[in-house]
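To start, the structure itself, in C-alpha cells.
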Amino acid sequence: MNILIAGAGKVGKTIANELSDEGHDITIIDSNSKVLEEAISKYDVIGVVGNSASKDVLEEANVQNMDIFIAATSADEVNLLSTITAHSLNENIHTIARIRNPEYAKQAYDMRDVFSLSLVVNPEKQTAMEIARLLKYPGFLKRETFAKARVEIVELKVLEDSILNNVKLMHLQNTVNARVLVCAVTRNGESYIPDGNFVLEKGDRIYVTGETQQLHTMLTNIGIITMPVKHAIITGGGKITYYLAEELHRSNIATSIIEYDEELCETLASKLPFATVIRGDVSDRAVLDGEEIDGYDAFVSLTGMDELNIVTSLYAHTNGVPQVVTKLGRGEAPDLIGNMPIGSVVCPKELCTMHIVRYVRAIQNSKGAALTIHRIAEGNVEAIEFEVDKDTKHINEPLKNTKTKDNVLIVSIRHGTKVSIGGGDATYDVGDSVIVVAQKNAAIHTLNDIFEE
Amino acid sequence: MNIKMIARIIGYILFVEVALMLPAFAISIFMHEAAAMKGFIYAIVIALIVGALLCLFAKNAKRDRFYAREGMATTGISWIAMSLVGAVPFYVSKEIPSFIDAFFEIVSGFTTTGSSILLEVESMSKGLLFWRSFSHWIGGMGVLVFLMAIVSLGKKNQGFSLHILRAESPGPSVGKIVPRIKQTAAILYVLYIVLTVVDIAFLLLGGMNLFEACCIAFGTAGTGGFGVKNDSLASYSPYIQTVTTIFMFLFSVNFSIYYMIVLRRFKEVIRDEEFHLFLGMIMVSITLITWNVLPMFSSLKEAVHHVAFTVGTVMSTTGYATVDFDQWPSFAKSILFILMMIGACAGSTGGGMKQVRILLLLKKIRQNIHKSLHPSEVKSILVNGRAMDEGIIDNTTSYLIAYAIIVILSFIIISLDGFDLETNVSAIIATFNNIGPGFAKVGATCNFAAFSPVSKLVMCFDMLAGRLEIFPMLLLLSRSTWKRAR
C-alpha cells in the first residue's frame, strides 16, 4: 500500500521502517529538511519538505494516491488539520492521528467523524494503560496480549531460589501445575527458542505463553507473591502520570506523585484530588528517602529524562520495592538495559508505533498477513499471531506430522473460546488464530512461511 | 569503513559487467573475430574470479553500517574496477597494444567522454567496437544504478543504497522519484531503454544498418561520443545527423522530467527552472554561433544544421562531430568552450558542471549583490519556488573550487608533454567534463594518442572525477578514508 506519514520524529521513523519492511511504499513529510534527510538516508522511503497540514504539500506528496495517512507530528493541532485536509483531498484514505494533549484526546475520539479520523492514537494514555495493567497483576516484567486478550506472553526472570531453576522444559507444566509454555529464553544476551530438552538456569529471562488465568496460577505456584499493589509512587508529573493516576484510582490503588515543577504540581493537585502530590527533586535521594519509598509496593519512574528514570528505578529496586516500572522515552539499546534491575521497561513511542502498525496490518489483512506481532527477548524474537484461512497448509493435521523450520515454534491455537497451548496433537482449522514464535531473521510473513518446503 | 560491504558490491558489479559484456562477446563470436573473443574470455574469467573472491571475502558483511562515505567509496572503486576489467579485451586482443591506452579508452567509454587514443577505428573488430560504444550506454545511467534496479543491496529495505545513487548520479541534490530505491532505479532505466530504442528506430529508418544504429544510439544515449567511423558522424545523411542532434538534447535533460511527463504532471515540467535555463542557453548559443560562422557555410539552413549539432554535442557533452569546429572563428569556439564547462542538466546522462549549478550560482551572486545593497535583508535562494538548503549551495561552491583545483593541477601535469596551451587546456576541459574532443591537437578530427602515459592516467582520473562529480574520487585519495578501516 502507499502510506503517507507526517512527521519524521522517532515515531514517524519507526513506523516508516516497520511498514517499509513489510513491503509498503512510504512517503514522509516533515518541515525540517535535516531530520527528513536523516530518515531518507536510513530507510527506503521518499521525503517531502513542508507543513503536512498544507494542501500544496499534501498534493506534492501525492496524497491522492495514498491508502493511509498517518499524522505523527509533534503538534496535535497540525495532526488534526492534516488529517482533515488529507481526507478532503482523498476521501478513500484511512487517517490515523497521534493526539497527545489530554484536553483534546477525548474530543478527538468523540468527534472523529468531524476530523475524518479512522484511528486516534494517544501514546501517553496507552503507556499509562500498559503500566496500569502491569500493576494490577504484578510479578511479570512485561505482558503482551494476543487472540483478543485471551492469550498472553509474559516475561519472567528465573531467580536462584526459584523452583524453575534447573527445570527441564518438558517437565515444566508439572512443576508449575499450569498449562503454560516457555516460547523464548534470553541467556547471557543470546536468545533461544527452546525445545523440551532445554534446561532453565538462574538468570534466564523466560517468555511464557498461556491463558491469563493459567499464567496467574503459574505465578502463584512458583512462589512469586502477587500481593495486589496498594500504594504506588510515581516520579514525574507529565501526561502519562495524569492518565496513570486516574486509572490507578479507578482500581483503588493509592498514588503519590513527586514532581519538581511547582506549577505542574498545582495543576496535578487540582486535577487529581485523590492523589498525594509532592513537590521535590527526585534526583535528590533525600526526597525519595523522605517519602519512604521502601514502604510502597510499586515504583513508577516517568520523568522526562531516561537516565534519571533508570537511576531512580535502580534505587527503588535496591530499597526493596517489589514492583518497579521504568519509562524510557528513547527506547534504544534494550540489550544494554535489559539486564539492569529496573523492573518493567515501557516505551511510549514503541507502544504507539506498534499500535499504528497493527492497525495498518488489519487494513491489509486480506493477504494473510499477521494480526499481531510482538517483539520479545530484546527484539530478537517475534511472536506473531495469524488467522488460518483456506490457503493455509496442513489444516486439521496434527502438528507433530508437520515439519516447521528450525527456530520456529507454534505456541498456541485458539479455536473459538478454547485455547490450546503447545502439544503435538493439536490441529487448527479455518478461522482459528495461531500464535507462532520465530527468530527475528526467519522472515515469517504468512502462516505458510513457518513450514519447511 | 565497511570494507566488506564495499567488497561485496564491487563483486556484484563485476558480475554485472560480465553479463553486460555478453552481447559484445556474442558479436565477436558471430563475426569470427578470434582475437577479440580471446580478449572477452580473459576479461570474463578475470571478472568472475575476482568477483567470486570478493563475495567470499564479504561473506558476513554487516549490511547495516553503510553511510555516505561508504556509498562514495563504493562508487569510486567500482568504476575503477569496472574500467580495469573493461580494458582487458582491448589489451589481450592486441587491438590496443598498451594497457594504459586500453584503460584510457574504456574509462573514456564508461565515463561517456568519448576521447579516443585510436587513430583509426574502422578497422577495429566489430565486437570490440560494440563493447566500446556499449560502455557509453552502461556508464551513462550508471552501472550501480543498474545493480540497484535488479537486486536489493540493503538488509531488507534499508535506504542506504541512496548513498550510492547520490554518488553515481549527477547533480547537486539527487533524490528518489518514488519511495523505493529499487523502483526509482528501475524507472530511470526503463526511461533510458525506451529513449534509446526510439533513437535506434529512428536511425534505422534513416537507412543505417543495425550495428551502426546501435553503436551511434548508445553513444548518443550515454552522451558519450565514440563513433564507428573515423570522421565521426560527418559522412552520415543530414537526417541521421538531425535525429542525433535531437536525441543528444533529449538525453541531456533531467530524466525526472520524463517521469513527470509520463505521470502527466506537466505543470512541474513547465515551471522547471533548470529546463528553462537549458533551453535558453541552447537558443542563445545557436543564434550567436550561427551569426559568427555563417560565412563558412553555403546557406543559412546548412549553418543552423551544423551549429545545432555542434551545440548539442558540446552541451550534452557527447562529442560527436559533423564538421571540424576547430576551424571555426574564435568567438564561436569561445562560446563552445564555455558550453563545454557548463554541460547538461543534473539527473541526465550528460556531464559538465550541470545547468542547475550555474543556476544556483547565479542566484547566489544575485543574493550577495542584494545583501550589499540591503545588509540586513533576509533572502533565500529559490529554485522551482522552493528555498534551497544552505548545504546544497555550500556543496555547489565547494564543487566548483575542487573543479578548478583539479583542472589547474591536471593542466600543469600534462603541460610537461610540451603541447600548446590551447591543446592542454581543452584536453583537460574535454576529459574532465566528459565531452571528448577539444580544440587544436585534440580537436574533433584528432585524438589523444600522442600524450604520455602519465598524462593519460591524469586524464583517466579527470574523466572519472568528472563523471562521478569529483567527491567519490577525491574521497579515495584522502588518507582519513582509510584510517578508520577496521
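Residue numbering restarts at 1 for every chain, and letters A, B, ... go by the order of the sequence lines.
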A:E91, CD: over 12 other non-hydrogen atoms inside 6.0 angstrom |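 It does not: A:E91 CD has 12 such atoms or fewer within range.
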
Measure the CZ-CG distance between B:R265 and A:N62 for me, rounded to the nearest 0.5 Å.
->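 One gets 5.5 Å once the value is rounded to the nearest 0.5 Å.
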
From A:K42 atom NZ to B:F66 atom CZ, the distance as rounded to the nearest 0.5 Å |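 Between atom NZ of A:K42 and atom CZ of B:F66 there are 16.0 Å.
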
Kindly say whether B:R180 contributes a backbone atom to a donor-acceptor pair with the side chain of A:D44 at under 3.5 angstrom?
->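 Not confirmed, A:D44 side chain does not pair with B:R180 backbone.
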
Side chain, backbone, both or neither of B:E268 within contact of chain A (heavy atoms, under 4.5 Å) =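 Answer is neither: B:E268 stays 4.5 Å or more from chain A.
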
Write down the atom of B:K176, the atom of A:I46, and the distance for their closest heavy-atom approach.
->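 For B:K176 and A:I46, the tightest heavy-atom pair comes out as O-CD1, 3.2 Å.
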
In terms of heavy-atom proximity below 4.5 Å to chain B, should A:E37 be classed as side chain, backbone, both, or neither?
->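 For A:E37, the contact with chain B is made by the side chain alone.
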
